[in-house]
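Quick caveat, the model's predicted, so the values are computed rather than measured.
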Amino acid sequence: MEKIKCECGHLNPYGTILCESCGKPIQDETNDEKLLNMRYEGTARRSQTYNTNFIDKTWNFFSSVKVGVWLIVITLIASAIGTIFPQKMYIPKTVTNVAAYYEDEYGVLGEIYYLLGFHELYSSWWFVLLLGLIGVSITVASIDRGIPLYRSLKNQRVSKHDNFLKRQRMFGTSKRPEDEEQFMDEVVFRLKEKRYHVRRENGNILAEKGRFSRWGPYVNHVGLIIFLLGTMLRIVPGMYIDEDIWVREGETVAIKGTDHQYYLKHEKFVVETYDPEEERYAEAIKRVGGSVIKNYQSDVTLYKAGEKLPGAKPDLTKVKEYPIQVNRPLQFDGFSVYQVDYRQEMSEMSFQLQNKETEKPVGEFTVDLQNPKDKYDLGNGNKVILKDYYPDFYFNKEQGEPATKTPNPNNPAFIFNMITPETPEGEIAFIGIRQNLEASGDNQYKIAFNGVETDFITGLTVNRDYTLPIIFIGGIIFMIGVVQGLYWNHRRIWLKLKDDEVWVAAHTNKNWHGIKRELSDVTSKLQLNQIIDQHDQERKR
């Protein structure tokens with residue numbers, strides 16, 4: 001579309017309302033009584049000019065403030081719903097069937113909550129899409145308004161069209177002074193006294209201050225876009241890692257998220273309580289009625305893996321030893337390992353093979369619950385064969401057979417085959433906690449429980465967040481924009497010598513009371529008539 005040439009010679013983009021240079025109203029010129037709409041300086045916005053093809057309609061859709069507000073509202077509502085039930089990361093780590101957990105714990109609402117993806121809200125595709133749409137909306141709206149505003153402010157001249165001055169909200173006329181040069185010098189002095197930047201041209205004056213505040217909302221938008229970008233980058237592999245690992249005492253595991261570059265050995269777990277006999281704690285401990293934990297600590301050793309050959313164990317090099325405590329994580333290569341949980345777990349169970357009638361033991365054996373053997377030789381022709389092992393036993397009614405909920409030895413159960421010289425074919429027994437069942441019911445031998453050993457297992461969280469600095473920078477820029485746009489305002493005063501009069505007009509983007517006070521002070525010192533607020537006059541009529 002063709003540009004519009006103003007009588008001042010400036011070429012304005014199609015759709016411009018006020019000339020970017022002299023301010024002459026290009027449209028609706030005959031309406032002298034109406035105040036000018038100074039929003040975006042009357043410049044042409046693409047969204048209000050073009051609406052012919054798909055790109056125009058898409059641009060117009062995202063440039064709408066209403067669309068942006070609705071996207072933010074929908075995102076806030078979704079975020080609020082996501083807090084009704086716990087996110088997946090906060091449910092017990094032992095849960096293997098997440099869908100069943102939400103259904104069992106919260107009924108139909110929990111099932112719907114899971115199906116709609118609210119259990120992993122902040123990494124769900126549709127939530128990330130919402131964030132992306134908000135970012136697109138902010139970007140398009142900023143470009144749609146920011147570029148025309150920049151052009152208009154950059155091209156504005158000192159001399160303004162008469163119609164531009166008369167239709168400003170603040171406007172007044174006074175008698176032209178006899179000594180113009182002295183008068184203009186005094187005007188410049190008084191305006192500079194108010195910290196205005198003054199430009200003078202052919203008997204006209206433009207005084208301006210606080211222009212940078214006009215860019216506050218756009219700086220604000222830049223901060224928001226960076227903030228949203230930081231949150232969206234969390235779904236990019238490697239940018240954000242938040243993994244849980246459980247490590248038994250004496251066990252060495254690869255640290256999740258490090259691509260098997262780092263390994264952690266759990267040396268010892270320590271739980272310390274405050275001494276109830278110590279005078280300064282005794283009263284408080286007595287009041288709470290039990291022991292009070294003083295310290296949870298996992299003593300660990302960090303290893304770094306060398307070059308690994310396919311099928312071979314990695315060659316580990318010790319990096320450091322470190323006691324991980326709550327709020328004192330192990331830190332290395334951008335990773336932080338936090339102490340978050342612990343529990344005691346059965347590590348070994350000991351049994352006796354006994355003559356069922358006499359209860360005389362014929363041998364003992366111990367089952368390592370993490371790495372059980374297939375066969376335990378008790379000597380003298382006696383042996384026990386482990387046929388099946390269920391670390392976390394439950395009876396599966398649907399399949400009619402024993403099964404295990406998890407690989408952790410929370411409720412171990414075994415099916416043993418007992419072989420002795422008297423029973424060379426073997427006798428089958430099912431052994432669990434408080435359970436000792438026989439397949440035939442007439443076994444000559446039985447297995448009796450003889451003791452259990454426990455180990456501590458520590459729960460750690462591995463965290464690395466490359467998005468946090470981006471989010472932090474976005475937040476700072478956002479706040480700078482808020483302060484910039486909130487605490488300053490863009491004020492302009494135009495003065496023009498017209499025939500035998502002095503015309504004074506003024507505009508501000510906000511805080512009209514402030515500019516009125518400044519104008520009143522300046523005009524009284526210059527002995528000019530008070531500037532009239534035409535908006536107030538219109539309202540009183």
* Apply the test side chain to side chain contact (heavy atoms under 4.5 Å, CB included) to residues I385 and D374: give CA-CA distance (whole Å), side-chain angles for both, the deciding distance (0.1 Å), then the verdict. => CA-CA 6 Å; I385 297 174; D374 294 332; 5.8 Å; no
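- Under a 3.5 Å cut-off, the side chain of R214 and the backbone N or O of Y150 do not form any donor-acceptor pair.
- The CZ atom of F227 lies 12.0 Å from the CD1 atom of I470; values are rounded to the nearest 0.5 Å.
- Using a 3.5 Å distance cut-off with no hydrogens or angles, the side chains of Q325 and N327 do not pair a donor with an acceptor.
- Residue W126 places its CH2 atom among more than 12 non-hydrogen atoms of other residues, nucleotides or ligands, all under 6.0 Å distant.
- Residue E453 places its CD atom among 12 or fewer non-hydrogen atoms of other residues, nucleotides or ligands, all under 6.0 Å distant.
- Proximity of Q87 to L121: side-chain heavy atoms (C-beta onward) are separated by under 4.5 Å at one or more points.
- Judged by distance alone, with hydrogens and angles left aside, the side-chain atoms of N436 form a donor-acceptor pair with the main-chain N or O of I447 at under 3.5 Å.
- Remark: K320 is positioned above the aromatic ring of Y322, its terminal NZ or CZ atom under 6.0 angstrom from the ring centre and at most 45 degrees off the axis.
- Within 6.0 Å of NZ in K510 there are more than 12 heavy atoms belonging to other residues, nucleotides or ligands.
- Partner L264 forms a side-chain contact (heavy atoms from CB on, under 4.5 Å) with one of L460, V319, T252, T301 and no other, that one being L460.
- Taken from CD in E345 to CG in L369, the straight-line distance is 8.0 Å, to the nearest 0.5 Å.
- Listed here is the closest heavy atom pair of D455 and S347: OD2-CB, 3.3 Å.
- Remark: of the listed residues Y113, Y101, F118, Y113 is the sole one forming a ring pair (Phe, Tyr, Trp, His ring centres under 6.0 Å) with F85.
- By the neighbour-count criterion of 12 heavy atoms within 6.0 Å, atom CD1 of I55 is sparsely surrounded, having that number or fewer from other residues, nucleotides or ligands.
- The neighbour count for N380 CG, taken as heavy atoms of other residues, nucleotides or ligands under 6.0 Å away, does not exceed 12.
- A donor-acceptor pair is defined here as one N or O able to donate and one able to accept, closer than 3.5 Å; such a pair exists between the side chain of E427 and the backbone of Q444.
- Judged by distance alone, the side chains of T423 and T420 do bring a donor and an acceptor atom under 3.5 Å apart.
- To the nearest 0.5 Å, the span separating CG on D388 from CG on N417 amounts to 11.5 Å.
- The structure places CE of M239 at 9.0 Å from CZ of R464, a figure rounded to the nearest 0.5 Å.
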* Asked: Checking side chain to side chain contact (heavy atoms under 4.5 Å, CB included) for the pair V367/Y376: CA distance, chi angles, key distance, verdict?
  -> CA-CA 9 Å; V367 178; Y376 298 88; 3.7 Å; yes
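- The minimum heavy-atom distance linking S137 with G68 is given by the pair OG-CA, 3.4 Å.
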* **D465 vs R234, salt bridge (charged side-chain N to carboxylate O under 4.0 Å, His left out): CA-CA, chis, key distance, verdict** => CA-CA 8 Å; D465 192 352; R234 289 195 164 204; 2.7 Å; yes
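- In summary, the side chains of D392 and N408 do not present any donor paired with an acceptor at a separation below 3.5 Å, with no hydrogens or angles considered.
- The nearest pair of heavy atoms linking L386 to P372 is CD2-CB, 3.7 Å.
- Proximity of a side-chain donor or acceptor of T273 to a complementary backbone N or O of I293 within less than 3.5 Å is not detected.
- In this structure, V384 and F365 approach most closely via the heavy-atom pair CG2-CE2, 3.8 Å.
- Without hydrogens or angle criteria, D144 side chain to V140 main chain gives no donor-acceptor distance under 3.5 Å.
- In this structure, a donor-acceptor pair under 3.5 Å is present between the side chains of T458 and Q339.
- Ring pair Y114/H119 is tilted by interplanar angle, where 30° to 60° counts as tilted.
- Other residues, nucleotides and ligands contribute at most 12 non-hydrogen atoms within 6.0 Å of the CD atom of E279.
- Within the structure, the ring-ring contact (aromatic ring centres under 6.0 Å, His included) test picks out the following pairs touching residues 430-461 (sequence neighbours left out): F269-F456, Y342-F456, F393-F430.
- Annotation: the span from Y281 atom OH to R287 atom CZ amounts to 14.0 Å, rounded to 0.5 Å.
- Shown here for G238 and Y466, the closest heavy-atom pair between the two residues is O-CD1, 3.7 Å.
- Using bins of under 30°, 30° to 60° and over 60° for the plane-to-plane angle, the ring pair Y218/H221 lands in the perpendicular bin.
- The nearest pair of heavy atoms linking I138 to S142 is O-OG, 2.7 Å.
- One finds the OH atom of Y122 at 5.0 Å from the OG atom of S79 (value rounded to the nearest 0.5 Å).
- With hydrogens and angles ignored, the 3.5 Å screen pairs no side-chain donor or acceptor of Q435 with any backbone N or O of G432.
- More than 12 heavy atoms of other shown residues, nucleotides or ligands fall within 6.0 angstrom of atom NZ in K356.
- For the residue pair S350 / E364, no side-chain donor-acceptor distance below 3.5 Å is found, with atom types taken as modelled.
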